[in-house]
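See structure below.
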Amino acid sequence: MSKSIRVKLKERSYDIIIEYNALNKASDHLNNFISNRKCFIVSDSNVFPLYGREVISAVFKASGINPDYYVFDAGEKSKNLQTVENIYHAVLKSELDRSSVIIALGGGVVGDIAGFVAATYMRGIDYIQIPTTLLSMVDSSVGGKTGVDMPEGKNLIGAFWQPKLVLIDNSVLKTLPSREVKGGLAEVIKYGVIFDLIFFDKINDNIEYINSMDAEFYSYLISSCCRLKAEIVAKDEEEHGLRAILNYGHTFGHAIEKIAGFGAYIHGEAISVGMLMAGELACQLNMMDRDQLNKIIAVLKKLDMCVKAEGITGAAMLKAMKSDKKTKRDNVCFILPRDIGNVEIISGVDRNLVIKAIKKFS
Ligand code: GLY
């Protein structure tokens, strides 16, 4: 069954299509967007060997032109300006012009880099997201955040640039390593905590379907997250307020990724621990009942997700958090829950409380 969700952004509106085996019929889905247009596929060394040929054939069938492609080494370590420059050279060599289309085939790193290239090449060309990890299906492929990391911190260089289509084939999750699935589940649970208690309870009540990779339940999870994200992005595309709640767990999480060295903890693992640190801080500030935090911890444990960032110190975390994009004039901002389903943006928190919250989960 195919589900379609509209991201409503006036002339920049687009659809997210979620369909089991969508890649088999990718040319039908792509046809409207790429017919007679030169396409260029950006992918990584994990995904391209699995799905590259299928997508090349679909693009050829839909556009009538054989696409070129660029494949970089998989992992967060590639998410930098050097990879972007390499892709610029490749697309120039392929003679892409302003009517060409970039297709991102892969997880969050691929989508962020390919999107950034599309946002900046010849002052912006169209791109399509074909996310292949749970994390990118439920979060990063939707909403137009593109960019790369700097040694100083995550996602510090980037642009808002919306895709023309997000095509999700959740059958590809069967080839996704379990570590990556669990990383993606951190972002799924995030939506429940920030926005939707009923959704959180549904996750809690269906742990066995999640652990057994039930395709129908995953389709429900993905479409629910995309619906919530589409609603938030439509209200606050460029994160002037509401959209910041999507960063729950990310102030702590980005710092964990940076301190441990990009790639030591995958993004979703760092976010999983970051959500608990934020939850602990909320408890210490008497914003949230400890029962609620225990409920979140219990779900993460039942899904065998990362709940500790061993060896990370509070002092290093505080230093790393200062370079986070959300930090304003040295004042670190946190997205903290009041209850499951309801968060607030808080700044000016006593650093000793922050360190205490970090200690609890490190
Ligand atoms: N991943 C957070 C956002 O898209 O705003």
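These values consider heavy atoms only, across backbone and side chains, with no hydrogens, waters or symmetry-generated copies. The structure displayed is predicted, hence computed values, not measured ones. Both counts, for ligands and for their atoms, begin at 1 and track the order of listing.
When only non-hydrogen protein atoms are considered, atom 5 (O) of ligand 1 lies nearest to R243 NE, 2.7 Å.
Of the polar atoms of N247, none of the N or O atoms is found under 3.5 Å from an N or O of ligand 1, judged by distance alone. Ligand 1 has a nitrogen or oxygen under 3.5 angstrom from a nitrogen or oxygen of K229.
Within the model, atoms CE of M321 and CE of M317 stand 4.0 Å from one another, a figure rounded to the nearest 0.5 Å.
Ring planes of Y121 and Y88: parallel class, angle under 30° (limits at 30 and 60°).
For atom 1 (N) of ligand 1, the candidate residues are L246, D139, I245; the nearest heavy-atom contact is made by D139.
For F199 and Y191, the gap between ring centers reaches or exceeds 6.0 Å.
The residues K182 and D304 are annotated as salt-bridged, a charged nitrogen and a carboxylate oxygen being separated by less than 4.0 angstrom.
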